[in-house]
Protein chains: 2
Amino acid sequence: MSALDDVARAAGVSTATVSRALSGRGRTSEATRARVREVAERLGYVASATAAGLASGRAENIGVIVPLMDRWFFATVLDGIASRLAPRGYDVTLYNVTDDPAQRRRLFETALRRRRVDAVIVLSVALTDDEVAALGSLGLPVRGLGVPRGELGGPRVDDTAVGRAATQHLRSLGHRDIAHIGQSVAGGGPADPAFDIPSRRRAGFEAEMAASGLTGRFVAGDFTVAGGARAARELLTGPHPPTAIFAGSDEMAYGALTAARERGIRVPADLSIIGVDGHDLADLFDLTTIDQFPHAQGERVADAILAAVTGEAGPAAGGGVPRSAAASGPLPFSLVTRGTTAPPPG
Amino acid sequence: MSALDDVARAAGVSTATVSRALSGRGRTSEATRARVREVAERLGYVASATAAGLASGRAENIGVIVPLMDRWFFATVLDGIASRLAPRGYDVTLYNVTDDPAQRRRLFETALRRRRVDAVIVLSVALTDDEVAALGSLGLPVRGLGVPRGELGGPRVDDTAVGRAATQHLRSLGHRDIAHIGQSVAGGGPADPAFDIPSRRRAGFEAEMAASGLTGRFVAGDFTVAGGARAARELLTGPHPPTAIFAGSDEMAYGALTAARERGIRVPADLSIIGVDGHDLADLFDLTTIDQFPHAQGERVADAILAAVTGEAGPAAGGGVPRSAAASGPLPFSLVTRGTTAPPPG
DNA sequence: CTGAAAGCGCTTACAG
DNA sequence: CTGAAAGCGCTTACAG
């Protein structure tokens with residue numbers, strides 16, 4: 001005696017009709033549908049996700065693989081994803097990936113293979129070849145967001161352009177002695193560094209500097225506040241401190257700000273600093289940054305995965321351009337000029 | 001021809017035996033179990049979560065209701081929860097609750113009733129009576145973390161003590177003119193303000209001030225950086241600015257720091273500021289705070305929910321005190337003295 | 001310890 | 001448009 005039976009009985013129809021009326025799949029007369037829905041509502045009936053999933057093959061659930069949940073950027077992207085999925089009736093289950101090999105094996109070889117999700121979104125994590133293969137063998141749509149690999153489809157920011165834009169801003173203020181704080185490629189990264197986000201930002205920086213006949217310095221941070229502080233201290237205590245720093249993330253920029261403060265170096269009078277992200281607190285720090293709209297990024301990848309799962313072209317019918325093509329264009333970013341950048345001293 | 005059948009065939013046993021060998025439930029000979037596991041491993045077999053869930057009634061999935069996923073505190077707690085659940089084979093599905101009434105109805109009346117989860121954890125959200133009732137009617141274990149209601153069990157910090165400790169620190173430095181930035185009770189909160197976290201912190205503040213025969217001022221922030229800045233501006237531009245501010249959260253304390261900076265008020269020479277949380281960037285801001293170990297809070301509530309779901313007393317056998325009793329004690333907090341607090345001027 | 005069989009609560013061809 | 005029935009892929013009493 002399932003709950004479905006109760007509804008069918010109360011509405012005087014078969015369970016098949018209840019299922020059709022409630023899901024909207026298959027034909028039902030308007031009158032029947034209305035009556036069934038009314039009865040279901042009154043009885044507080046909601047179909048069991050596991051039973052429906054088993055019978056239909058649709059889990060109505062999207063898996064999201066995310067590193068470091070306590071990092072602002074990912075939390076914000078996740079929020080964007082959830083904001084698009086929930087209204088469509090999709091749940092999101094979280095798969096936190098760490099550096100622990102045993103944990104990763106459990107994730108890719110077991111957790112993800114339980115058929116609990118219809119598709120998976122991968123947020124900026126460096127995956128091994130085996131892991132990419134494991135994802136592929138799932139037979140599920142997979143989209144990455146900012147993943148450092150070409151293998152996974154999904155929207156992405158043109159990070160080379162981001163690197164160029166940040167550098168251009170500094171150059172246009174007159175800086176010639178600019179250092180970049182980023183991530184060293186060796187740091188446990190994936191196979192092909194050419195697809196790496198930090199590498200792209202750095203490449204943009206170097207290209208822009210080279211275009212002016214300049215050479216930029218590079219110091220490795222690790223995309224944390226502490227790493228940024230460490231890198232900035234190295235730069236600022238050297239024989240020839242730069243007049244400007246382009247940090248590959250806002251959090252590293254905060255670290256650079258601290259390092260400058262420690263040494264009594266005035267920002268922006270003595271030193272300009274620009275970050276990347278559009279972090280929550282950038283306004284508080286009065287930090288100039290390249291905003292990459294992480295919340296919107298989450299929305300975009302959620303829409304893309306939904307389109308893949310439902311086989312739709314997208315919510316809006318639109319004109320001649322297929323929605324999928326539009327959705328696969330590069331993600332926007334924007335320079336936000338605040339008080340940490342100014343012309344160089346002298 | 002299910003995947004289970006393949007394994008059973010290859011191992012030369014029945015599907016029942018495969019199920020028992022793989023799950024560890026029921027008896028199986030050591031030899032059979034080893035062989036079945038070896039075959040399953042070789043074939044890459046992992047039981048379908050939806051089929052197993054339907055048959056067993058166990059979803060092996062915990063729902064977490066969380067507001068504002070992009071808030072550091074919640075993201076950190078979530079990380080703590082996931083870190084305990086994943087190793088035990090439990091997935092976590094996220095239910096983001098916002099202020100949108102339609103969205104909340106969808107959550108409490110539909111999403112949560114799909115039997116996708118074995119239990120639910122509620123993170124600090126103000127629930128209406130109807131929502132608490134809806135949670136109760138789920139027939140599932142429910143634990144809150146820092147929920148402003150007595151109805152939901154679960155570990156919690158003694159926030160009155162937190163308020164007292166912060167105030168004591170300021171008092172011990174010699175401050176007499178202390179203001180508290182918190183949250184106004186009217187702000188869309190739940191029925192009983194007595195269970196409210198912000199109210200408790202404020203009560204602790206007032207009790208401690210009263211004990212010295214002093215009266216503290218109160219200004220409402222809204223637990224955001226901007227709200228803290230606004231409240232602090234109000235205090236600092238008044239006729240009689242305080243010599244110390246106790247902010248109910250680190251993020252509001254950051255706002256207060258900004259407001260002081262705007263006005264050229266030196267911290268801590270002219271003004272002391274203390275926050276609550278143990279935020280990631282507190283170290284960067286050199287902020288004195290009451291750390292409440294959010295990651296550990298997540299671990300604790302995850303353990304509590306796991307105990308409720310599995311009916312266990314907990315992982316460690318322990319001594320005479322039941323684990324559950326120990327786990328229900330108040331959560332720890334700790335004063336971290338940094339550079340934003342000092343004796344008052346003069 | 002192991003197997004045959006029923007059943008978990010839905011969805012969906014297939015007929016009508 | 002609607003119903004009877006099979007089936008989704010497991011788990012679990014129930015026997016043996």
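Every chain is numbered from 1 and lettered A, B, ... according to where its sequence line falls, protein lines coming before strand lines.
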Would you name the heavy atoms of [X] and [Y] that are closest together and state the gap between them?
{"X": "A/Leu140", "Y": "A/Val117", "answer": "CD2-O, 3.5 Å"}
{"X": "B/Thr50", "Y": "A/Gly53", "answer": "OG1-C, 4.0 Å"}
{"X": "A/Ala51", "Y": "B/Leu54", "answer": "CB-CD1, 3.7 Å"}

Take the protein atom [atom1] of [X] and the nucleotide atom [atom2] of [N], then report the distance between them rounded to whole Å.
{"X": "A/Arg115", "N": "D/dG9", "atom1": "CZ", "atom2": "P", "result": "9 Å"}
{"X": "B/Asp5", "N": "D/dC10", "atom1": "CG", "atom2": "C1'", "result": "10 Å"}
{"X": "B/Arg114", "N": "C/dC10", "atom1": "CZ", "atom2": "C1'", "result": "13 Å"}
{"X": "A/Leu4", "N": "C/dT11", "atom1": "CG", "atom2": "P", "result": "6 Å"}
{"X": "B/Arg58", "N": "D/dT11", "atom1": "CZ", "atom2": "P", "result": "8 Å"}
{"X": "B/Arg25", "N": "C/dC1", "atom1": "CZ", "atom2": "P", "result": "17 Å"}
{"X": "A/Arg113", "N": "D/dG9", "atom1": "CZ", "atom2": "P", "result": "16 Å"}

Item to complete: Among B/Leu138, B/Thr93, B/Ile305, B/Val64, find the one that has a side-chain contact (heavy atoms from CB on, under 4.5 Å) with B/Val120.
Response: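 Testing B/Val120 for a side-chain contact (heavy atoms from CB on, under 4.5 Å) against B/Leu138, B/Thr93, B/Ile305, B/Val64 leaves exactly one candidate, B/Leu138.
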Fill in: Of B/Val13, B/Thr15, B/Thr32, B/Thr28, the residue whose pairing with B/Arg20 passes side-chain contact (heavy atoms from CB on, under 4.5 Å)
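Passing option: B/Thr28.
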Worksheet item: Is there a side-chain contact between A/Asp79 and A/His295 (heavy atoms, below 4.5 Å)?
Response: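 Answer yes - side chains close enough.
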Practice prompt. Flag the pair B/Thr310 / B/Tyr90 as yes when at least one side-chain heavy-atom distance between them is below 4.5 Å, and no otherwise.
Written response: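 A side-chain contact exists here, since the closest heavy-atom pair is under 4.5 Å.
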So which protein nitrogen or oxygen atoms get under 3.5 Å of nucleotides 2-5 of chain C's nitrogens or oxygens?
residue	atom	partner	partner atom	Å
C/dT2	OP1	B/Ser29	OG	3.4
C/dT2	OP1	B/Thr32	OG1	2.5
C/dT2	OP2	B/Ser29	N	3.0
C/dT2	OP2	B/Thr32	OG1	3.3
C/dG3	OP2	B/Ser14	N	3.0
C/dG3	OP2	B/Ser14	OG	3.0
C/dG3	OP2	B/Thr17	OG1	2.7
C/dG3	N7	B/Arg20	NH2	2.7
C/dG3	O6	B/Arg20	NH1	3.1

Applying salt bridge (charged side-chain N to carboxylate O under 4.0 Å, His left out), can you list everything that pairs with [X], at least two apart in sequence or on another chain?
{"X": "B/Glu131", "result": "B/Arg104"}
{"X": "A/Glu38", "result": "A/Arg42"}
{"X": "B/Arg116", "result": "A/Asp91"}

Discussion item. Which residue is it: B/Arg88, B/Arg84, B/Arg143? I am looking for the one with a salt bridge (charged side-chain N to carboxylate O under 4.0 Å, His left out) to B/Asp303.
Written reply: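 Of B/Arg88, B/Arg84, B/Arg143, salt bridge (charged side-chain N to carboxylate O under 4.0 Å, His left out) with B/Asp303 is met by B/Arg84 alone.
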Item to complete: Ignoring backbone atoms, test whether B/Tyr45 places a side-chain nitrogen or oxygen under 4.0 Å from the OP1 or OP2 oxygen of D/dG9.
Response: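 Looking at the OP1 and OP2 atoms of D/dG9, neither is under 4.0 Å from any side-chain N or O of B/Tyr45.
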Worksheet item: Among residues 46-57 of chain B, which residues get a heavy atom nearer than 4.0 Å to DNA chain C?
Response: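 Here the set is B/Leu54, B/Ala55.
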Fill in: Helical stems, DNA chain D - three or more consecutive Watson-Crick or G-U wobble pairs below 3.5 Å
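Detected stem regions: C:1-3 with D:14-16, C:5-12 with D:5-12, C:14-16 with D:1-3.
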Item to complete: Taking atom C1' in both C/dT12 and C/dG16, compute the distance separating them and give it to the nearest angstrom.
Response: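 Taking atom C1' in both C/dT12 and C/dG16, they lie 16 Å apart.
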